[in-house]
*Asks:* 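What follows is a single structure, and I will ask about it in a moment.
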Amino acid sequence: MKLVFLIGDSSVGKMTVGQELMKITDLRLFHNHMTIEPVIKVFGYYYGKAVSRMREIIFEEFVASENYGLIFTYMWAFDQKSDWDYVEHVTNIFRKNGADIYYIELVAPQEIRLQRNITENRLKHKASKQDIENSNQRLISEDKNYRCVSNDGEIPFENYIKIDNSNVSAELVATIIKERFSL
């Protein structure tokens, strides 16, 4: 069993890279909006407790399955202890079942992420991003309020790589990840 954490800022390309990585490996993709969007649709707003419980069930059932591994996308605020705790919690669910864990951080500047924020693929899979003006403002606000790019040497994990995917296709990034970690 494998867990691939795709981490990075909003609109950096986590889901798109995950989609491409799924095409060239036996990994399954669980992008963060797969729980966010249904919760927003049911409740009419983001309800974190419901999102967390849904993810927990999926993680627990996935590690009990015969699947090869899971790609999970996550916007990690490195300046928030609660995010560090959450990553450790998810890691432990998989690790206690013998999984190998990989951490891939994607980075790109805000101007590129604002362009990616309105791509057809993103809007198709993330209904809450379809109000582009609001989504752009949220991205800018998150950049001001959270640090979602790690400092050099901050990530202590053995199986970790940081990729600046500003001018690199999602297909190439997926290939780099696959080859680097022999997925």
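Predicted model, so just to flag it, every value in this text is computed and none were measured.
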*Asks:* F5 versus V90: any side-chain heavy-atom pair under 4.5 Å?
*Replies:*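 Answer yes - side chains close enough.
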
*Asks:* Determine whether R53 and E56 satisfy the following criterion, salt bridge (Lys or Arg N to Asp or Glu O under 4.0 Å), listing intermediate values before the conclusion.
*Replies:* CA-CA 5 Å; R53 289 184 65 200; E56 195 82 7; over 6 Å; no

*Asks:* Can you hop from I7 to M75 via hydrophobic side chains spaced under 4.5 Å?
*Replies:*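 I7 and M75: separate clusters.
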
*Asks:* Check whether any side-chain heavy atom of V51 sits under 4.5 Å from a side-chain heavy atom of F43, and report yes or no.
*Replies:*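 With C-beta onward as the side chain, the pair stays apart.
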
*Asks:* If you measure from CG on L29 to CG on L21, what distance do you get to the nearest 0.5 Å?
*Replies:*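 The distance works out to 8.5 Å.
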
*Asks:* Which distance, rounded to the nearest 0.5 Å, do you find between the CE of M22 and the CG of L70?
*Replies:*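 So the gap between those two atoms works out to 10.5 Å.
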
*Asks:* Does OH belonging to Y146 count more than 12 external heavy atoms closer than 6.0 Å?
*Replies:*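 Atom OH in Y146 is not packed in, count stays at 12 or less.
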
*Asks:* Transitively linked via ILVMFWY side-chain contacts under 4.5 Å: V107 with F157?
*Replies:*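 Different clusters.
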
*Asks:* Between atom OG of S141 and atom CG of N134, what is the distance when rounded to the nearest 0.5 Å?
*Replies:*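 S141 atom OG to N134 atom CG measures 10.0 Å (nearest 0.5 Å).
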
*Asks:* Mind checking the CZ-CD spacing from R147 to Q80? Nearest 0.5 Å is all I need.
*Replies:*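 So the CZ of R147 and the CD of Q80 are separated by 10.0 Å.
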
*Asks:* Do S166 and P109 have side chains that approach each other closer than 4.5 Å (heavy atoms only, starting at C-beta)?
*Replies:*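 Yes - at least one pair of side-chain heavy atoms lies under 4.5 Å apart.
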
*Asks:* Taking Y68 as the starting point, is it possible to reach I104 by hopping between hydrophobic residues whose side chains are less than 4.5 Å apart?
*Replies:*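 Same cluster.
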
*Asks:* At their closest point, which heavy atom of K14 faces which heavy atom of D9, and how far apart are they?
*Replies:*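 Minimum heavy-atom separation between K14 and D9: NZ-O, 2.8 Å.
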
*Asks:* Give a yes or no on whether D85 atom CG has more than 12 heavy-atom contacts from other residues, nucleotides or ligands under 6.0 Å away.
*Replies:*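 Yes, CG of D85 has more than 12 neighbouring heavy atoms, counting only those of other groups under 6.0 Å.
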
*Asks:* Report yes if the distance between the aromatic ring centroids of F72 and F59 is under 6.0 Å, otherwise no.
*Replies:*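 Aromatic pair counts; centres sit under 6.0 Å.
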
*Asks:* If the condition is salt bridge (Lys or Arg N to Asp or Glu O under 4.0 Å), which residues does D143 pass it with, not counting sequence neighbours?
*Replies:*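 With neighbours one apart ignored, the set is R113.
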
*Asks:* Do the side chains of R116 and N165 get nearer than 4.5 Å, heavy atoms only?
*Replies:*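 Yes, their side chains come closer than 4.5 Å.
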
*Asks:* Where do E154 and E105 land on the side-chain contact (heavy atoms from CB on, under 4.5 Å) test, with the steps shown first?
*Replies:* CA-CA 12 Å; E154 183 174 21; E105 180 180 2; over 6 Å; no

*Asks:* Starting from the C-alpha separation in whole Å, work towards a yes-or-no answer on side-chain contact (heavy atoms from CB on, under 4.5 Å) for V17 and I163.
*Replies:* CA-CA 11 Å; V17 168; I163 301 172; over 6 Å; no

*Asks:* Is there side-chain contact between F181 and I161, with at least one heavy-atom pair below 4.5 Å?
*Replies:*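 They are in contact (side-chain heavy atoms under 4.5 Å apart), so the answer is yes.
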
*Asks:* Tell me if a side-chain donor or acceptor on K162 pairs with a main-chain N or O of S150 at a distance below 3.5 Å.
*Replies:*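 A pair under 3.5 Å: yes.
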
*Asks:* Taking the six-membered ring where the residue is Trp, are the ring centres of Y86 and Y74 under 6.0 Å apart?
*Replies:*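 Here the rings of Y74 and Y86 have centres that are less than 6.0 Å from each other.
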
*Asks:* Between W76 and W84, how do the two ring planes meet: parallel, tilted or perpendicular, split at 30° and 60°?
*Replies:*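 It falls in the perpendicular class, over 60°.
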
*Asks:* List the steps and the verdict of side-chain contact (heavy atoms from CB on, under 4.5 Å) for K2 and L27.
*Replies:* CA-CA 8 Å; K2 299 183 183 312; L27 296 164; 4.3 Å; yes

*Asks:* For A108 and D164, work out which heavy atoms get closest and say how close.
*Replies:*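 Looks like CA-OD1, 4.4 Å.
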
*Asks:* Do I36 and H33 have side chains that approach each other closer than 4.5 Å (heavy atoms only, starting at C-beta)?
*Replies:*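 Yes, close enough: below the 4.5 Å cut-off.
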
*Asks:* What is the distance from atom OG of S10 to atom CG of L114, rounded to the nearest 0.5 Å?
*Replies:*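 Interatomic distance, S10 OG to L114 CG, rounded to 0.5 Å: 8.5 Å.
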
*Asks:* A side-chain contact here means heavy atoms from C-beta on lying under 4.5 Å apart; do L6 and H31 qualify?
*Replies:*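 Of all side-chain heavy-atom pairs linking H31 with L6, none is under 4.5 Å.
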
*Asks:* side-chain contact (heavy atoms from CB on, under 4.5 Å) for N97 and F62? Distances and angles first, verdict last.
*Replies:* CA-CA 10 Å; N97 287 284; F62 197 89; over 6 Å; no

*Asks:* If hydrophobic clusters are built from ILVMFWY residues whose side chains come within less than 4.5 Å, do V149 and L139 share one?
*Replies:*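 No, it is not one cluster - the side chains of V149 and L139 are not joined through contacts under 4.5 Å.
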
*Asks:* Compare every heavy atom of A50 with every heavy atom of V39, then report the nearest pair and how far apart it is.
*Replies:*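 In terms of heavy atoms, the two residues are closest at CG2-CB, 4.0 Å.
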
*Asks:* Distance from L183 atom CG to D100 atom CG, nearest 0.5 Å?
*Replies:*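 L183 CG to D100 CG: 9.5 Å, rounded to 0.5 Å.
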
*Asks:* With the 4.5 Å side-chain cut-off for hydrophobic clustering, are Y45 and M54 part of the same group?
*Replies:*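 In one cluster with Y45: M54, yes.
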
*Asks:* Answer whether the closest heavy-atom distance between the side chains of R95 and L3 falls below 4.5 Å.
*Replies:*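 The answer is no; the side chains never approach within 4.5 Å.
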
